[in-house]
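What follows is a set of notes on a single structure, which appears directly below.
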Amino acid sequence: MAVLDHTSTLESIRKKVAAGERLDFEDGLALFESDDLLALGELADGARRVRGGTDDVFFVQNLYLNQTNVCRVKCKFCAFAATRRQEHAYTLSAAELVEDALRQRELTEFTEIHMVNGESPHVDFSFYVDTVRALHEAMPDVHLKLYTASEIHHMTRLSGLTHEEVLRELASAGLGSLPGGGAEIFAERVRKLVAPGKEHPDFWFHTHETAHRLGIPTHCTMLYGHVETYEERVDHLLRLREQQDRTRGFLAFIPLAFHPENTVFERRGWRHTTGADDLKVLAVSRLLLDNIPNVKAYWIMMGMPLAAVALHFGANDVQGTVVREEIFHAAGARTETEQKVEQLVRFVQEAGRVPVQRDTLYNELRRWQ
Ligand code: SF4
């Protein structure tokens with residue numbers, strides 16, 4: 001049997017990257033199979049620069065909200081969802097949510113609200129439209145990045161409207177963009193194992209494609225580190241790349257590491273991803289996703305020290321100040337939930353990069369030399 005020569009494979013990938021050639025499925029697989037972590041980091045950082053990247057590292061001042069944790073879907077990797085009868089279940093009204101956000105606004109000058117929720121069967125579509133309108137009216141200068149593609153799909157089921165009609169209504173109430181959650185891993189084998197109650201991935205793509213066509217930018221993600229194979233990771237990334245070729249509406253890609261605590265997988269003895277795998281996923285994502293301008297090192301998930309290292313593995317964004325985060329912390333994330341601007345600036349500068357505060361659409365607001 002022929003032994004795969006990883007050194008010469010990485011060398012041929014290096015030549016492709018330098019020439020601006022697109023990497024293919026086999027290249028992606030070879031990258032994931034390589035244990036030469038430093039070479040992967042160097043390749044990814046090189047690819048970022050060949051494609052016009054600089055030393056700028058972006059972050060946004062934002063507030064994370066969750067309006068309800070009540071959810072009908074029961075994804076096996078989720079430690080956040082609750083049924084309505086459980087003691088920790090909650091659903092806030094639009095007025096309560098706005099009041100909470102306004103209280104936070106007195107403390108921090110966030111420019112973005114990021115909100116995802118459980119898919120509650122006990123609300124109707126007006127619950128969502130009223131919420132968007134109330135947030136927008138209370139804070140018209142704050143960008144509303146709300147609702148995953150799965151939630152949008154859920155709203156079509158609650159209302160009987162199409163994805164386009166739902167998105168149009170939300171946009172006219174003040175929605176600015178969609179976060180990238182709900183993608184998980186697109187491969188059917190994996191979805192059946194970890195999220196059997198979730199809709200077919202075609203709906204995820206249809207929602208994002210429709211949003212892009214309507215001029216609503218979105219984000220995209222991959223939840224890794226559970227049952228997926230390297231082949232399934234590459235397939236996931238290439239499907240995102242194909243979508244971006246068609247519609248060009250993804251602002252950023254965010255790899256999300258699976259956290260097993262308080263999920264059924266914890267009882268099976270599953271562990272967190274390793275830092276090496278986190279860095280590898282970032283590097284390979286940057287190398288394969290040649291048409292998505294920004295790759296985020298999500299410090300909520302990996303912690304700020306590793307996120308700083310990730311800036312040398314293809315990442316150019318450390319997300320934001322967040323303030324509160326429940327979903328990964330319910331699943332055992334030990335990171336802080338608020339990074340003040342000065343802390344983010346210090347981390348980025350100590351990684352040898354230039355901190356740039358941005359708005360959601362990547363317009364520069366402030367820069368530190
Ligand atoms: S991941 Fe989302 S859809 Fe799945 S159970 Fe949790 S809250 Fe519900």
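Atom set for the values below is all heavy atoms of this structure, side chains included, hydrogens, waters and symmetry mates excluded. In this text the structure is predicted, and so the values were computed from the model without any measurement. Both counts, for ligands and for their atoms, begin at 1 and track the order of listing.
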request  = Any chance you could lay out the side chain to side chain contact (heavy atoms under 4.5 Å, CB included) test for His219 and Lys145, step after step, and finish with the verdict?
outcome  = CA-CA 10 Å; His219 303 75; Lys145 177 181 154 206; 3.6 Å; yes
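Screening residues 166-191 for ring pair (Phe, Tyr, Trp, His ring centres under 6.0 Å) gives Phe186-Trp204, Phe186-Phe205, Phe186-His236 as the qualifying pairs, with residues at least two apart or on separate chains. Legend: ring pair (Phe, Tyr, Trp, His ring centres under 6.0 Å) pairs involving residues 160-183, not counting sequence neighbours, sorted by first then second residue: His153-His163, His163-Phe203, His163-His206.
Between Phe59 and Gln319, the closest side-chain pair of non-hydrogen atoms is not below 4.5 Å.
Atom 2 (Fe) of ligand 1 has as its closest protein heavy atom Lys198 NZ, 4.2 Å.
Distances from atom 6 (Fe) of ligand 1 under 2.8 Å pick out these protein N/O/S atoms: Cys78 SG.
Ion pairing of Asp277 with Arg233 is present here, as a side-chain N (NZ or NE/NH1/NH2) and a carboxylate O approach within less than 4.0 Å.
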Side-chain donor-acceptor distances from residues 344-355 under 3.5 Å, at least two apart:
residue: Arg353; atom: NH1; partner: Leu311; partner atom: O; Å: 2.7
residue: Arg353; atom: NH2; partner: His312; partner atom: ND1; Å: 3.3

